Amino acid sequence: MNLLTLDLNLLLVFDAILRTKSTTLAAEELSLTQSAVSNALRRLRIAFDDPLFVKTRDGMLPTVLAKELADHVHAGLASFRQAVETRSHFDPLTSDRSFTIYISDIGQIVFMPRLISHCASAAPNIRIATVDASPKEAQHAMSAGEIDLAIGLFMSFDPGFHQQRLFREYYVVIARDGHPAISAGLPLGIFLDARHAVYRPTAGSHAMFEEAVERIFEANGCVRQVAVRLAHSLGLSQIIAASDLLVCVPSRLAHAFNGYANIRVFPLPFDAPAFDISQLWHRRCHRDAGHRWLRHTVASLFDQTVGAHS
């Protein structure tokens, strides 16, 4: 018996005859003709070199071999049905599925508190892990099914990914409350004269913004006084609250800091480009029910667009 030569659809017929004890009832259950079921049984008998079922007054009863196969076939089909139904139906209230999200440290501060708070009641057994990597590494992991969703600003993803815009983001300036040079507002002159902390993570989007800032200084004939350069947002608000430095950060990060440190948030005193924050996923999981739930959840919590697609 070579499993590679066996049409696994025949096992559905085997299981139906086993339960109904009738080729006629098996045909009705499977929506097949009786001749199709009889032909399938003939092929099974040839494949296993055994009658498998014999006709008696009590119906089609299994042979010794068929009885030995019965539990294995039934369990295998049940397992396969469960796998199919798991992907076509998803109940967040009962699921204990794990999702992995590719997100920066800024994204973790901005997105995760609200997402975790929502899941505590809507999906109490769901598990979420965040990872940080290079965009190229993330794409490979998403293609391999190791990362489910990417959230942030992405400009260089390859074909084969779906993208949904969530909101438009812009930069602001944060300074400590009580900064000696700042009162009601932050004019350009004070911004140009101040000492700065430069927050420059690995994401290319912030590098583009910093280039725009440097052009503002050059256009005004000034040299930017940079006291510290930071690669991570951790501790940034405490640094600003304990100094007279200014730093430019995305607005949602600034407002997340605002509740935890002695800082103030100001609009930029010059024009600078805004950018789109999106969620991306690989096409291989586009129709997965659990993945659709995750994307809809993120969109419902953060999407500021109209007619967002799933």
Side-chain angles (χ1 to χ4, degrees), residues 90-93 95 97-133 135 138-139 141-142 147-157 161-172 174 199 201-206 208-209 232-234 236-237 248-261 265 267-268 272-283 285-310:
F90 179 81
D91 183 0
L93 286 172
S95 176
R97 185 166 168 181
S98 297
F99 293 103
T100 300
I101 301 176
Y102 167 49
I103 199 167
S104 67
D105 64 334
I106 295 179
Q108 183 160 296
I109 292 172
V110 171
F111 285 89
M112 296 310 293
R114 194 188 302 181
L115 179 58
I116 295 301
S117 176
H118 173 82
C119 289
S121 57
N125 298 313
I126 290 294
R127 297 183 296 270
I128 295 177
T130 64
V131 295
D132 194 7
Q139 289 182 69
M142 293 171 76
I147 293 177
D148 297 290
L149 195 66
I151 302 177
L153 171 62
F154 306 104
M155 299 175 291
S156 58
F157 264 51
F161 291 87
H162 295 271
Q163 179 170 337
Q164 178 184 6
R165 174 186 168 185
L166 297 175
F167 55 80
R168 190 80 167 155
E169 180 61 294
Y170 57 92
Y171 282 86
V172 296
I174 60 174
Y199 171 56
T202 54
S205 58
H206 200 84
M208 293 170 56
F209 171 77
H232 305 285
S233 61
L234 183 65
L236 193 156
S237 59
C248 300
V249 296
S251 66
R252 284 168 176 77
L253 178 62
H255 290 295
F257 286 156
N258 207 24
Y260 297 95
V265 180
L268 290 175
F275 54 95
D276 289 335
I277 297 297
S278 304
Q279 60 175 343
L280 289 89
W281 60 95
H282 195 267
R283 62 189 177 191
C285 54
H286 183 65
R287 298 187 182 278
D288 177 81
H291 202 284
R292 287 173 64 88
W293 171 85
L294 177 63
R295 300 191 314 256
H296 278 295
T297 297
V298 171
S300 68
L301 293 174
F302 302 100
D303 184 16
Q304 295 179 351
T305 64
V306 177
H309 67 273
S310 60

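Residue numbers start at 1 and run along the sequence shown. From a predicted model like this one, the values you see are computed outputs, not experimental measurements. Every heavy atom of this structure was used, including side-chain atoms; hydrogens, water molecules and symmetry mates were not.
- Under the 3.5 Å distance criterion, the side-chain polar atoms of D105 are matched with a main-chain donor or acceptor of S233.
- Closest approach of D148 and F99 over heavy atoms only: OD2-CA, 3.2 Å.
- Scanning both residues, A299 and L166, for their nearest heavy atoms gives CA-CD2, 4.1 Å.
- Considering every non-hydrogen atom in both I106 and L253, the closest pair reads CG1-CD2, 3.9 Å.
- Side-chain atoms of S300 come within 3.5 Å of backbone atoms of H296 as a donor-acceptor pair (strictly under, hydrogens ignored).
- Between Y170 and F209, a ring centre-to-centre spacing not shorter than 6.0 Å is recorded.
- For the salt bridge (charged side-chain N to carboxylate O under 4.0 Å, His left out) test, no residue two or more places apart in sequence or in another chain qualifies with D91.
- Note that R252 lies outside the cation-pi zone of F302, set by a 6.0 Å cut-off to the ring centre and a 45° limit from the axis.
- Between R295 and W281 the shortest heavy-atom distance is CD-CD2, 3.2 Å.
- With values rounded to the nearest 0.5 angstrom, S278 atom OG is found 8.5 Å from Q164 atom CD.
- The backbone N or O of A133 lies less than 3.5 Å from a partner atom in the side chain of Y102, making a donor-acceptor pair.
- Closest non-hydrogen pair, R292 versus R287, comes out as CD-O, 3.9 Å.
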